[in-house]
Colleague: 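Below you'll find the structure I mean.
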Amino acid sequence: MKKVKLGSQGAVVSRMGLGCMGMSDFYGERNDEESAATIVRALDLGVTFLDTADTYGIGDNEELIGKTIRGRRDEVFLATKFANIRTKAEPNRWSLSGKPEYVRQACDASLQRLGVDYIDLYYQHRVDPQTPIEETVGAMAELVKAGKVKYLGLSEASPATIRRAHKVHPITALQTEYSQWERHVEAHILPTVRELGIGFVPYSPLGRGFLTGAITKKSDLVETDSRATRMPRFAGENLDKNLVLVERVRAIAERKGVKPGQLALAWVLAKGEDLVPIPGTKRRKYLEENAAAADIKLTPAEVAELEAAVPHTEIAGERYATPAMNAIDR
């Protein structure tokens, strides 16, 4: 796996990362042994950009990663996030904080769970509307000075917030959802980060697994899977309409001799080397498929064909249910 620059502050990462959220939360049953094996296999393949957050598994995901990379820390570019607050006593109750004192507490807690001396990339997971971004990023900048964090990032932030944050301390990366079936960033967000020299990390580049073609009906998702309960695109008539789009991608992939998910990742990679997608998986099989997508080269005509196959105007349903959409800085 080749290495690329992430942003303009000196960060260098693998061309593709590994999203670790689903290993511990949200997407059905856990299998920590297979998840750990998947992380190890990722490192062996050169996929060394690992993405987690303190809210994934309510700390469990950070602990899993920390245990797994012990002895290989120098190979890893480690990203984690703060701001979304949950407890194991009330896992379905969410709150949000970007207060400076919370930033410091959250970072120290993540360092302890991860078992590391520093975090490579520390994101604010969601923007706290009750706390000026200048105060939050100011506290994050103090972590850099203290040597606890190397680079700073934001997630799901608006162009105006990105600009304000970047004035306080250089932002290395913005992480926001981006895939063939979620392209809202193209209008204003991507131009903003490119103007400022900020790298872009697309999460859910496979449309939460939908673009792989593995989900053909709601019953394919277990009851504990958040896609079945919190994401309108996977429900009812929306799902039926969206399956038509996936079938178009599958047909193009079959013609090209690759898997639909690989084609979806190749499309994201084709949008620029300043984009570093982090497809998530908890299985070695799918990790290997995803990593192989880095070798697929698309012509401009193929990129255009894929975009025509999944026009934004035909995507049915919001990407999150209303409460989660309201938490996004727009």
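Keep in mind that what you see is a predicted model, and the values were worked out from it rather than measured. Numbering starts at 1 and runs along the sequence shown. No hydrogens, no waters, no symmetry mates; every other heavy atom, side chains included, goes into these values.
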Colleague: Would you mind reporting whether V40 and R284 have side-chain heavy atoms less than 4.5 Å apart?
Modeller: no
Colleague: Any chance the side chains of N61 and T52 put a donor and an acceptor closer than 3.5 Å?
Modeller: yes
Colleague: Would you please name every residue forming a salt bridge (charged side-chain N to carboxylate O under 4.0 Å, His left out) with K297, sequence neighbours left out?
Modeller: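 Testing K297 for salt bridge (charged side-chain N to carboxylate O under 4.0 Å, His left out), a comparison that skips the adjacent residues, returns none.
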Colleague: I need the full list of side chain to side chain donor-acceptor pair (under 3.5 Å) pairs touching residues 129-140, with sequence neighbours left out, sorted by first then second residue.
Modeller: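 Non-adjacent pairs meeting side chain to side chain donor-acceptor pair (under 3.5 Å): D128-T131, E134-R164.
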Colleague: By side chain to side chain contact (heavy atoms under 4.5 Å, CB included), which residues pair with T281, not counting sequence neighbours?
Modeller: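 Side chain to side chain contact (heavy atoms under 4.5 Å, CB included) list for T281, sorted by chain: L18, T38, R283, Y286, L287, N290.
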Colleague: Could you list the residues that satisfy salt bridge (charged side-chain N to carboxylate O under 4.0 Å, His left out) with D295, not counting sequence neighbours?
Modeller: none
Colleague: Can you list the residues that meet the side-chain hydrogen bond (donor to acceptor under 3.5 Å, both in side chains) rule with R319, with sequence neighbours excluded?
Modeller: E156, E177
Colleague: Can you check whether E289's main-chain N or O pairs, donor with acceptor, with Q262's side chain at less than 3.5 Å?
Modeller: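 Yes, Q262 side chain to E289 backbone: donor-acceptor pair under 3.5 Å.
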Colleague: Does H312 reach the side chain of E186, with side-chain heavy atoms less than 4.5 Å apart?
Modeller: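 A side-chain contact under 4.5 Å is absent here.
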Colleague: Please table the atom pairs, donor to acceptor, closer than 3.5 Å between any side-chain atom in residues 116-125 and protein atoms at least two apart or in another chain.
Modeller:
residue: D120; atom: OD2; partner: R73; partner atom: NH1; Å: 3.1
residue: D120; atom: OD2; partner: R73; partner atom: NH2; Å: 3.0
residue: D120; atom: OD2; partner: L78; partner atom: N; Å: 2.8
residue: Y122; atom: OH; partner: C107; partner atom: N; Å: 3.1
residue: Y123; atom: OH; partner: Q175; partner atom: NE2; Å: 3.4
residue: Q124; atom: NE2; partner: R126; partner atom: O; Å: 3.3
residue: H125; atom: ND1; partner: N84; partner atom: ND2; Å: 3.4

Colleague: Quick one: salt bridge (charged side-chain N to carboxylate O under 4.0 Å, His left out) partners of K99, sequence neighbours excluded?
Modeller: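 If we apply the salt bridge (charged side-chain N to carboxylate O under 4.0 Å, His left out) test to K99, skipping adjacent residues, there are no hits.
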Colleague: State which residues pass side chain to side chain contact (heavy atoms under 4.5 Å, CB included) with Q112; sequence neighbours excluded, sorted by chain then number.
Modeller: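 Listed in chain order: nothing, the list is empty.
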Colleague: Mind checking side-chain hydrogen bond (donor to acceptor under 3.5 Å, both in side chains) for T48 and listing every partner two or more places apart, or none if nothing turns up?
Modeller: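 Partners of T48 by the side-chain hydrogen bond (donor to acceptor under 3.5 Å, both in side chains) criterion come out as none, since no residue qualifies.
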Colleague: What residues form a side-chain hydrogen bond (donor to acceptor under 3.5 Å, both in side chains) with D44, not counting sequence neighbours?
Modeller: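 Scan of D44 (side-chain hydrogen bond (donor to acceptor under 3.5 Å, both in side chains), adjacent residues dropped) gives R72.
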Colleague: Mind checking side-chain hydrogen bond (donor to acceptor under 3.5 Å, both in side chains) for N31 and listing every partner two or more places apart, or none if nothing turns up?
Modeller: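 Checked N31 against side-chain hydrogen bond (donor to acceptor under 3.5 Å, both in side chains); zero matches.
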Colleague: Holding to salt bridge (charged side-chain N to carboxylate O under 4.0 Å, His left out), I want the full list of residues that pass it with R30, two or more places apart in sequence or in another chain.
Modeller: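 Here the qualifying residues are D32, D60.
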Colleague: Nearest heavy-atom pair of H166 and L196: which atoms, and what distance?
Modeller: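 So the minimum-distance heavy-atom pair works out to NE2-O, 3.5 Å.
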Colleague: Using only heavy-atom distances, determine whether the side chains of E62 and T80 contain a donor-acceptor pair under 3.5 Å.
Modeller: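 A pair is found: one side chain offers a donor N or O, the other an acceptor, under 3.5 Å apart.
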